[in-house]
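Structure first, commentary second.
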Amino acid sequence: MSSTTIAPEQINRIVWNQHHDPFEVLGPHPIEKDGKITSWAVRAYLPTADAVWVLLPEQRQEYAMRSVQHPHFFECIIDTPELNNYQLRIKEGEHERVIYDPYAFRSPKLTDFDIHLFAEGNHHRIYEKLGAHLMELNGVKGVYFAVWAPNARNVSVIGDFNHWDGRKHQMRVRGNGVWELFIPGLGPGTKYKYEVKNQQGHIYEKFDPYGFQQEPRPKTASIVTDLSTYTWNDDEWMERRRHTDPLCQPISVYECHIGSWMHASAEKPAKLPNGEEEPVVIVSELKHWARFLTYRELAEKLIPYVKEMGYTHIELLPIAEHPFDGSWGYQVTGYYAPTSRYGSPTDFMYFVDQCHQNGIGVIIDWVPGHFPKDGHGLAYFDGTHLYEHADPRKGEHKEWGTLVFNYSRNEVRNFLVANALFWFDKYHIDGIRVDAVASMLYLDYCRKDGEWIPNQYGGRENIEAADFLRQVNHLIFSYYPGILSIAEESTDWPMVSWPTYVGGLGFNLKWNMGWMHDVLDYFSMDPWFRQFHQNNITFSMWYHHSENFMLALSHDEVVHGKSSMLGKMPGDEWQKFANVRCLFSYMFAHPGKKTMFMSMEFGQWNEWNVWSDLDWHLLQYERHQQLKHFFAELNALYRREPALYTQDFGHQGFEWIDCSDNRHSVVSFIRWSKDGEFIVVVCNFTPQPHSHYRIGVPEHGFYKEIFNSDSREYGGSNMGNLGGKWADEWWSHNRPYSLDLCLPPLAVIMFKIDRQKYLL
């Protein structure tokens, strides 16, 4: 063996991939004489090289390297006081290539202050430091990689560029267990993973937790992506959002799973430009090959549809990368990567941009409560329980087969907090709907006695999770005023939608799960029995002002044997459609923002099937066309009338006229706007029409019938009040004036005083 300037033990640690800092051995190292640098020792470990030369392009010189201690460990001494941007010429069999040496680039991108903030859990832009980032060092372009794996023995970057060989690009560890390496010559589209070894030497091939793009499933590599190339055109929207209070605006959300909203037909799997097959699924119900619509195709088809229907927002079931289609996106692996099923990150940016240019907000489902156990993902990331709790009594949801984030670990909390900010920052989204908040807040959620651990006070509340949610909401509203943060929280946890500075969790909306269960139970009854359950309809107003509620009829209500919305309704076909119109009319008149799942708007008979299209063929039938028209008109009315949305959360916005007429299953109430205008709402929840039904009203004048869910154009019987009624000076319901009305069957009617007619 030849002599070398480095100890054999150090060489062996590199060769056996056991070194925590390969920069101590590899790359250029100065040799000093009399306190001055006179020469450099350049070392390289190239496991497949037969011969290597150091090239100095500026001097046009070449130095042969010699093998020392190991056939593939090379070294040479270069007599020069300065050594800048040298290259390595590598001979491997009959092939040669020239590269820049990764270990010549020693300036870290991650500063000590970055590491300090990350360790505190307060680095709000950590996604700009960890992960894979295109950059230029010393005039050389490449990719900087950084990953948090504090308990790993060593970590390497692997990919197509090094034949997935973990010996070739070994990373160095910095403070707090962050590993980093700059690899020159790589660019966008590079596929990579991290090879992580635990202390026992077991190898795990992991995706990048902060990666911006992943390969289409079933492949699992991360892809280097530049998120700065897209030019946004939504400045007007973003500026208006900053100065708008969404709680005083109409919010009608179209909840959508874009993978099953509609597919595109394909005779056979198409080839992508890179030669791989396009993601294709077989739609069994349609008996032909089909593929997902891309984000750009969805911009052409979904956005015009949502705009035509009058919704204000699209809510997307989780679009972060997930391996299993059947999870609907709720088992996330790539928290920083829009799923590649539908295209690239810039394609998703285009979709959001187009939504904004068409006046539509974008909400995404966000899943910080749990993650799957897939081997390439976050589970057991560095050979230890890093992101999850080690104790399964805190770290596992057995019912879901998933793991729970350890919110008490600063770096894990930072990962999630920064992720929420990331979607607002890079993708301009307008809101998040946080999934399964109750599972986060309670330590005994879906756990039997003995299967959970109480908090330090002996209670069942997950204090760390509550603090985490407060931190997230405080920050996103600080950075992005005017956005939405919506909690799917199904318990009586107090002050979910109250500000953090008064002890609330900081959301600005909470799904009203109690209202949803009550009204669905009510509407599924035979109308004769509804008289005994009037409380189902009226009870929500007893607690409505305790939170900022969103009324949601979501995907969860039309799956797993629960039947479609039409299928839940009693009676013959006419009554089923009338019940659906009555239900949603009541929902839109009731205080609170609105969310409804795709397919409800045209009356799908089947439950939602994630593997298929919606049943668009139903629109060939008149009843379904009429129902679709009904929803477009209902949304238009909702957006047109401030009384239906400006005071959703205050006592001043709602007033009962009569909530106690259970004998007829009728309720009536008034919705008030901030400027004193009002709408009178009367709901008849039985097929029995009523003539000369009198209700009290606050003012004298002509009350125009502005909406009737029983209209012929919606498929109803067309009973009504001939356009409106004059108020009589007849005392009723503790009011000096009243209306003598005709109540159509299974219908909601709304009236608004016509000031012009009153003046005439």
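Heavy-atom basis, side chains included; hydrogens, waters and symmetry copies ignored. Just so it is clear, the model here is predicted, and its values are computed rather than measured.
In this structure, Trp611 and His263 approach most closely via the heavy-atom pair O-CE1, 4.3 Å. The two residues Gly482 and Pro246 have their closest heavy-atom pair at O-CG, 3.8 Å. Asn410 and Ala119 make their closest contact through ND2-O, 2.9 Å (heavy atoms, listed as atom of the first residue, atom of the second, distance). Here the closest heavy-atom approach between residue Thr333 and residue Pro372 is recorded as CG2-CG, 3.8 Å. The shortest non-hydrogen separation linking Trp148 to Asn176 is NE1-O, 3.0 Å. Here the closest non-hydrogen pair linking Arg447 and Glu396 is NH2-O, 2.7 Å.
When only modelled atom types and interatomic distance are considered, Tyr127 and Arg125 share a side-chain donor-acceptor pair under 3.5 Å. Side chains of Ser222 and Gln214: no donor on one and acceptor on the other come within 3.5 Å. Checking His376 against Thr220 by side-chain atom types alone, no donor-acceptor pair falls below 3.5 Å. If you check the side chains of Asp467 and Tyr407, you find no donor sitting under 3.5 Å from an acceptor. No side-chain donor from either of Asp347 and Tyr342 sits under 3.5 Å from a side-chain acceptor of the other. Checked by atom type, the side-chain pair Ser340/Glu321 shows a donor-acceptor distance below 3.5 Å. A donor-acceptor pair shorter than 3.5 Å cannot be found between the side chains of His474 and Gln471. For Tyr254 and Glu601, the side-chain atoms include at least one donor-acceptor pair closer than 3.5 Å. Side-chain N/O atoms of His356 and Asp430 include a donor and acceptor closer than 3.5 Å.
Looking only at distances, a side-chain donor or acceptor of Asn154 sits under 3.5 Å from a matching main-chain atom of Asn17. Checking side-chain atoms of Asp435 against main-chain N and O of Asp365 turns up no donor-acceptor pair under 3.5 Å. Between the His397 side chain and the Trp400 main chain, no donor and acceptor come within less than 3.5 Å of each other. Of the possible polar contacts, none joining the Asn358 side chain to the Ile360 backbone as a donor-acceptor pair under 3.5 Å is found. The backbone N or O of Ser485 lies less than 3.5 Å from a partner atom in the side chain of Asn508, making a donor-acceptor pair. The closest donor-acceptor contact from the side chain of His133 to the backbone of Leu130 lies under 3.5 Å. Put simply, the side chain of Gln213 never gets that close to the backbone of Ser344: no donor and acceptor are under 3.5 Å apart. In this structure, the side chain of Ser408 does not engage the main chain of Glu464 through any donor-acceptor pair within 3.5 Å. When atom types are taken as modelled, the side chain of Asp353 and the backbone of Asn233 share a donor-acceptor pair closer than 3.5 angstrom.
Trp366 is listed as a side-chain neighbour of Asn419, based on a closest heavy-atom distance under 4.5 Å. Between Thr595 and Ile486 there is no side-chain heavy-atom pair separated by less than 4.5 Å. At a threshold of 4.5 Å between non-hydrogen side-chain atoms, the residues Asp325 and Arg217 count as touching. A 4.5 Å side-chain heavy-atom check between Val157 and Met171 finds at least one atom pair inside the cut-off.
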Task: Working for ring pair (Phe, Tyr, Trp, His ring centres under 6.0 Å), residues Tyr336 and Phe415 - done: CA-CA 10 Å; Tyr336 286 82; Phe415 171 80; 5.6 Å; yes

Task: Verdict with supporting geometry, His202 and Tyr380, ring pair (Phe, Tyr, Trp, His ring centres under 6.0 Å) - done: CA-CA 12 Å; His202 298 155; Tyr380 214 63; 9.5 Å; no

Task: Evaluation steps, ring pair (Phe, Tyr, Trp, His ring centres under 6.0 Å), between Trp261 and Trp608 - done: CA-CA 10 Å; Trp261 183 75; Trp608 170 51; over 10 Å; no

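Under 4.0 Å is where a charged nitrogen must lie from a carboxylate oxygen, and between Lys109 and Asp114 no such pair does. Salt bridge present: Glu488 and Arg433 bring a charged side-chain N and a carboxylate O closer than 4.0 Å. Residues Glu128 and Lys426 are paired through a salt bridge, judged by an N-O separation under 4.0 Å between the basic side chain and the carboxylate.
Taken from CG in Leu317 to NE2 in His555, the straight-line distance is 5.0 Å, to the nearest 0.5 Å. Remark: Met135 CE to Phe182 CZ distance equals 6.5 Å, nearest 0.5 Å. Annotation: the span from His169 atom NE2 to Leu181 atom CG amounts to 6.5 Å, rounded to 0.5 Å.
None of Phe212, Tyr295, Tyr230 except one satisfies the ring-ring contact (aromatic ring centres under 6.0 Å, His included) rule with Phe348; the exception is Tyr295. Of the candidates Phe371, Phe422, Phe405, Phe405 is the only one forming a ring-ring contact (aromatic ring centres under 6.0 Å, His included) with Tyr335.
Remark: Arg296 is positioned above the aromatic ring of Tyr350, its terminal NZ or CZ atom under 6.0 angstrom from the ring centre and at most 45 degrees off the axis.
Glu557 meets the salt bridge (charged side-chain N to carboxylate O under 4.0 Å, His left out) test with no other residue; sequence neighbours excluded.
For Tyr194 and Trp179, the distance between ring centers is not under 6.0 angstrom.
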